[in-house]
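Beneath this line is the structure, given in structure tokens, with notes to follow.
First the proteins, then the strands, lettered A, B, ... as listed; each starts at 1.
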Amino acid sequence: MSLFARLTLNRGDLRLDAALTVGAGEVVALLGPNGAGKSTLLQLLAGTLRPDDGRVELNGTTLDDVAAGSHVRPRERRVGMVVQDYLLFPRMSVLENVAFGLRSRGVAREPARRRAREWLDRVGLGGYERRRPGELSGGQAQRVALARALIVEPRLLLLDEPLAALDAGTRPAVRAELRRHLAGYGGCTVVVTHDPLEAMVLGDRVVVLERGTVVQEGQPAEVARRPRTDYVARLVGLNLLRGVADGRVAELPTGATVALAHDAFGPVHVAFAPVAVTLSPRRPEGSARNAWELVITDLEAHGDLVRVTTDGPVSVLADVTPLAVADLRLEPGSTVWASVKATEINVYPA
Amino acid sequence: MSLFARLTLNRGDLRLDAALTVGAGEVVALLGPNGAGKSTLLQLLAGTLRPDDGRVELNGTTLDDVAAGSHVRPRERRVGMVVQDYLLFPRMSVLENVAFGLRSRGVAREPARRRAREWLDRVGLGGYERRRPGELSGGQAQRVALARALIVEPRLLLLDEPLAALDAGTRPAVRAELRRHLAGYGGCTVVVTHDPLEAMVLGDRVVVLERGTVVQEGQPAEVARRPRTDYVARLVGLNLLRGVADGRVAELPTGATVALAHDAFGPVHVAFAPVAVTLSPRRPEGSARNAWELVITDLEAHGDLVRVTTDGPVSVLADVTPLAVADLRLEPGSTVWASVKATEINVYPA
Amino acid sequence: MSRPRRTDDLRVPAGLLIPALVGVAILVLPMLGLVLRAPWSDLPSILTSEAVLTALRLSLTTATAATLVALVCGVPVAWLLARTALPGRSLLRGVVTVPLVLPPVIGGVALLMVFGRRGVIGGWMDETFGVSLPFTTTAVVLAQVFVAMPFLIVAVEGALRTTDRRYEDVAATLGATSWTTFRRVTLPAVAPGVLAGAVLCWARALGEFGATVTFAGSLPGTTRTLPIEAYVAIGAGDSEVAIVLSLLMIVVSVAILVGLRDRWIGSSA
Amino acid sequence: MSRPRRTDDLRVPAGLLIPALVGVAILVLPMLGLVLRAPWSDLPSILTSEAVLTALRLSLTTATAATLVALVCGVPVAWLLARTALPGRSLLRGVVTVPLVLPPVIGGVALLMVFGRRGVIGGWMDETFGVSLPFTTTAVVLAQVFVAMPFLIVAVEGALRTTDRRYEDVAATLGATSWTTFRRVTLPAVAPGVLAGAVLCWARALGEFGATVTFAGSLPGTTRTLPIEAYVAIGAGDSEVAIVLSLLMIVVSVAILVGLRDRWIGSSA
Amino acid sequence: DDDEDPQVGAGSDTASGQGDTPSGTVTVLAAASLTESFEELAGQLAREYPDLEVVFSFGPSSGLVEQVISGAPADVLATADPTTMDEAVAADVVDGEPVVFARNALTLAVPAGNPAGVTGLADLADDDLRVAVCEPQVPCGAAAERLLDAAGVTAAPDTLTTDVKEAASLVALGEADAALIYRTDAAAEGDDIETLDVPEADEIVNDYPVALLADAANPDGARAIAGAITGELGRSVLAEAGFLEP
Ligand SMILES: Nc1ncnc2c1ncn2[C@@H]1O[C@H](COP(=O)(O)OP(=O)(O)OP(=O)(O)O)[C@@H](O)[C@H]1O
Ligand SMILES: Nc1ncnc2c1ncn2[C@@H]1O[C@H](COP(=O)(O)OP(=O)(O)OP(=O)(O)O)[C@@H](O)[C@H]1O
Ligand SMILES: [Mg+2]
Ligand SMILES: [Mg+2]
């Protein structure tokens, strides 16, 4: 039970050219900025779009093979799909929407409705059976779409931001339910999400798509610790710099240098957390061997901390306490020294 | 410049009955679970739905007064609105969508397009002028909708989850842009959001709606520190218990008691953070005077920590390190002692 | 529970109101003319005559039967046109509009040429089964289907083109065959279009005269529908009877259509 | 850049294919009958005769003019029906369908009763301005509008009912008057429905005979359209000429409609 | 009745015999202008042949011939002109020779009260008058053409009607100031129409032929009806409607 896909498609000014493998029971979280081609990739896997070139194989069966001219139609693929804007059938009741997949696969009306009712209970919508989709709030509709896809036990489950419209109160519960279901599910799953926490919680593996290309993939922890692009770095909340290392020092393209705790050579990524950055009015004299004089460009409250965006020879984010902001009189345009201890820095080959 | 509204409407099984005041230049973040009536309230303010009863007044002008039978039509209200599913005009280009409001208000084609182009640049969509909405990704569409609403400089700005479809990379930038615009904007703003961080960042005041009723409102920090409903508590990540205090002790409905650090009397809310909860295999003997024997119902990774959901005489969430999970062999079904120091507990009248 | 009121803008813009009034006038004034001219005193005797009642009954049955046939055959044709990439699709679309253009009498001649006793199919049917179509009630229905079905097809195709095909994609991923998708997703979505098409089709079938009289003749009780009765009345120099019959047709059809639509729209919107 | 191919399911379900084939057969076979029966050797002389060319020109001009009038007046009527809460709305909807039911000849009589020399409005116009409508080309257009506009109205109303009204709400909050909203949001959204309605209307106007001949008469070059020419041929026992004229009408209209639709649909979808 | 086969006649066990009292159903296809006369005729005939049911299918002559050729199940065909009947003869669907049973002559019709003050055929050349004449290609138009030729008038028609009924109703409605129509049509319109004497008109007449059909299901009945149409009874009824005797 596994999915293998390598697909090419030109659409508008997107050139999608990506390979994706999902093992049996594995959940791949697909991350990427707006317009990266995530939804497009899902449509290709579902078979509602046809690739310009490439192959898709699911559990040893070829679903698409452009060279061989073969294409399995969506309904024979046994994929489940939940899309960004739900697409609940507007003239069916909520119950009929959920039961639709079973009815389509030949299950009799009563058993299908019974199971649909169970599923509605599971997503917390017991009692909403008779509503029309137009009478649901955004989040309710999302949950119905989820139940509708999951009830048919697809071999490949494609979720396009399945939790995006859920409120903070419902989200953990539905997410936990989803996680439980995915854990006990032998098929392959691809979840598109913008929420790094969601990617980490749901995904066994994370695949990052940018401008149609896979730019990074790996274990969630690995991706979180060692981002390879600015987008991933922002996503996981790290500062990311690129440079060329020669022993204990790395030189950045701007000419600035970064002191390292361990030897490294050649092109490297340099990552560190915003909380590891200390701001001070003058050049620090302590053990932090990395210090740069920077200009503050933005300040934003961020939980209990304030996130400070800076620019200069390096461009870093720093998380500081509101107290520090007041003490240092930080404001956009003011100049500060930012320092990071070498031991707080994570270095890995580019 | 201010909005005053008190509105009643029955819709499906929702009974909306809410009062809302927004000062000049103030941004109110409207929070609430799915189906609470947030979108409905916004439609009422926009005038696309008519209330069963109540009044809406904007800058001293009456927009709705059911008793007096008056109703100002949407187009005369000068409200800007961005809805959950964008509703970009499908047959117009992106540029025409953004320019629509100005053109409708009589601005000539060229100046309207010029300003639309500026707005597209501001939301990071320079170069997308000629696209059709169908050729945009979800997040791109959302940003166009935002630009379309903001360009007409409405007196009342209604944003229904304006950032929900944005990716983590774009979101801070668009949010910062939105915040900057709102800061320099003299009108009233209501932002619906599910994201507590967004509510805190954007909102000068937070209003929480549940089942059609306002259950809590106040400064973001105040709401975050002193949640009054379970939904708000979950939202801000606190445990919330309700009980009756008599001096240094509060009794919960289940009979369990909570030791307090200060005197309190009468019905109270008791709030504490999940990180303040310590789990141990046996009854703790330290300074924590509050300890309950509980059953674990769920574990979920949560950033660097693991969130443990428990049930018993009280039902609390605890955040512990993965190390602790391994040490204590925590798993759903196992029994633990949870303790909280009285000084970590925040008590306030219910 | 009260329904929330939508903001229905009752003030109609002049750019729409003025042409609309002209349009309504063009349609309504001639009818008023008919009403003024109708011989009101003879009305009861004309309307209760056996011949008129028979013709009315026949008209209603055949128009309804024709509409049913058109629904069963025409909706699939519309679907073919809107949803598949058939090679000859745009030719087919052209062919479908032909009966709209063809003067009905010529349509009747064309039907005779195929289904008449000397026609290609009619001859074979006559020889093989001894069945002959022309001058039977079935022929009336066939003539009406020929003339009226294109209305249904064009209306339904238009509706199909305005619906969001992604719903059908979703149904496909849920395992629905294209037949199930058609039945449970597509058809409900285009129901208003189908209804509009059926109304057009029924009305056109009810008023159909030229093709019917040519292909099916005008035998009382069998093929003489109300419009033919009116034609016979004109032929007899009795144009006032013809006007009464037309008013009868108008009243019956408007009553049925208004009743039907109100029920239908009331229950779905 | 290549267009991404949609998954177009070319295998058509039997539940749709079989009735569709029956439907197509009902429409196509009679036409084949006509083609078989046409006197191919006389074709060139018939088609190039001055009378036929004049009639063809007149038919095309009047049908197009009638369609334009119907668009200008009919779309607003459809909007009134679909978007406002007028008191007499369902009656108006009934009235609009009347010309569909009314046998065209009676329609012509009705028009005479209003716009004729002794008609309510015609009489006044005759006395005041000395203008008389009947037997003029304008009368042809008016007859065609009366008969064909309802097709447009019904099709457009159906399309209006299937569109999402929330787009219009958004336009209103952006400050658009209902006229702007209609023009820039509603109209583009229902464009396919308007096109379908216009096609129906044009085809019906082109084939219109009964009301025209009664109200406008039949004078070569002024009011004798192609269907009237064909009818004259039948009356003269020359049904073969009638068939040729009908085929001409079919070819012309199919060519125009197919060309138009392909261009139109090609550019928008 | 389907189980009747008059060709076998003698062996039939129904009331329909070879004798003088034809029975069963007879279907008559007749030109629309004969509607009133024939219905009247059938009513009177019912007394003579109580077992015979006559069913009429009225329509335009050319359409009727087209139907007969296509196998319409009819017994008798009566058209408004010989040309269309000739087509039926040529197609071999007629049994025996058609018989002319009536003639029709043109007359100059004006609306009641003659508002335009028409005095005679010569006024048809007046451009200011609203004149309706039948299309030359149809029987009444051909007759009108001959009449005008005979009178030496070049008409200036405002409309060429394809059907004489149309011209008649235009006059009745006052839409036409004058029209050349058949006497029968003028008679049918009653008081709405006045007719002016046209001396040349009596010379130019149009024949109405009737014929038995080869495929008649009820030849006896057909003969009986055709006999009545061409016989005394027919003559008197038709004369009342304004027809001339053959
Ligand atoms: N129907 C279409 N025609 C042309 N271009 C399209 C179409 N749909 C999407 N695109 C373009 O393809 C690119 C990828 O779109 P897609 O919807 O796959 O992005 P996404 O990664 O899902 O983004 P988001 O996170 O915003 O949903 C975008 O640049 C978009 O503009
Ligand atoms: N058109 C409608 N007819 C009947 N009931 C409706 C309609 N639209 C919404 N509702 C009901 O009204 C309630 C409030 O819906 P609303 O969309 O205002 O919720 P919301 O707070 O915006 O939720 P969400 O966060 O999920 O968007 C829900 O229970 C919903 O089912
Ligand atoms: Mg997407
Ligand atoms: Mg909402």
Side-chain angles (χ1 to χ4, degrees), chain C residues 33 37 39 51 54 103-123 125-127 130-136 139 209-224 227-243, chain E residues 2 25 27-40 42 53-74 80 91-93 162-166 168-173 181-182 184-193 215 217 241-242:
Chain C
R37 178 70 186 264
T54 308
V105 172
I106 314 280
V109 171
L111 283 167
L112 275 179
M113 259 152 223
V114 175
F115 298 106
R117 207 164 13 166
R118 299 210 186 150
V120 193
I121 293 179
M125 273 172 42
D126 196 17
E127 274 166 36
V131 204
S132 170
L133 265 185
F135 318 108
T136 62
F209 158 69
T212 312
V213 81
T214 308
F215 179 51
S218 94
L219 298 169
T222 313
T223 63
R224 188 180 295 176
I228 299 179
E229 193 74 43
Y231 170 83
V232 170
I234 290 188
D238 243 348
S239 61
E240 297 189 339
V241 172
I243 290 175
Chain E
D2 323 357
T25 302
T27 305
V28 179
L29 302 186
S33 51
L34 295 167
T35 308
E36 281 198 319
S37 317
F38 275 20
E39 275 177 351
E40 169 73 27
E53 196 196 338
V54 187
V55 174
F56 290 111
S57 180
F58 296 109
S61 301
S62 52
L64 298 176
V65 170
E66 194 82 52
Q67 290 171 5
V68 171
I69 294 174
S70 303
D92 227 9
V93 293
T162 43
D163 186 348
V164 64
K165 288 290 172 199
E166 253 173 73
S169 73
L170 286 177
V171 175
L173 289 171
I181 61 175
Y182 285 124
T184 53
D185 298 311
E189 294 292 345
D191 295 341
D192 293 336
I193 280 185
D215 281 349

Please report the C-alpha distance between E/Ile181 and E/Ile193 in whole Å, then the side-chain angles of each, then the deciding distance to 0.1 Å, and finally whether the side chain to side chain contact (heavy atoms under 4.5 Å, CB included) criterion is met. CA-CA 11 Å; E/Ile181 61 175; E/Ile193 280 185; 4.2 Å; yes
How far does [atom1] of [X] sit from [atom2] of [Y], to the nearest 0.5 angstrom?
X	Y	atom1	atom2	answer
E/Leu173	E/Asp192	CG	CG	8.0 Å
C/Leu219	E/Ser57	CG	OG	4.5 Å
E/Ser70	C/Phe215	OG	CZ	9.0 Å
C/Thr222	C/Phe135	OG1	CZ	12.0 Å

Under a 4.5 Å cutoff for heavy-atom pairs, which residue among E/Ala187, E/Gly190, E/Ala72 has the most contacts with chain C?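 Most pairs with chain C among the choices: E/Ala72.
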Are the side chains of E/Glu66 and C/Leu112 in contact, using a 4.5 Å heavy-atom criterion?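 Yes - at least one pair of side-chain heavy atoms lies under 4.5 Å apart.
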Side-chain contact, heavy-atom cut-off 4.5 Å: E/Glu189 with E/Asp185? no
Tell me, side chain or backbone of E/Thr184 under 4.5 Å from chain C's heavy atoms, or both, or neither?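 Contact with chain C: none, neither part.
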Give me the contact list for residues 58-65 of chain E versus chain C, heavy atoms only, anything under 4.5 Å, ordered by residue number.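 From residues 58-65 of chain E, the residues near chain C are E/Phe58, E/Gly59, E/Pro60.
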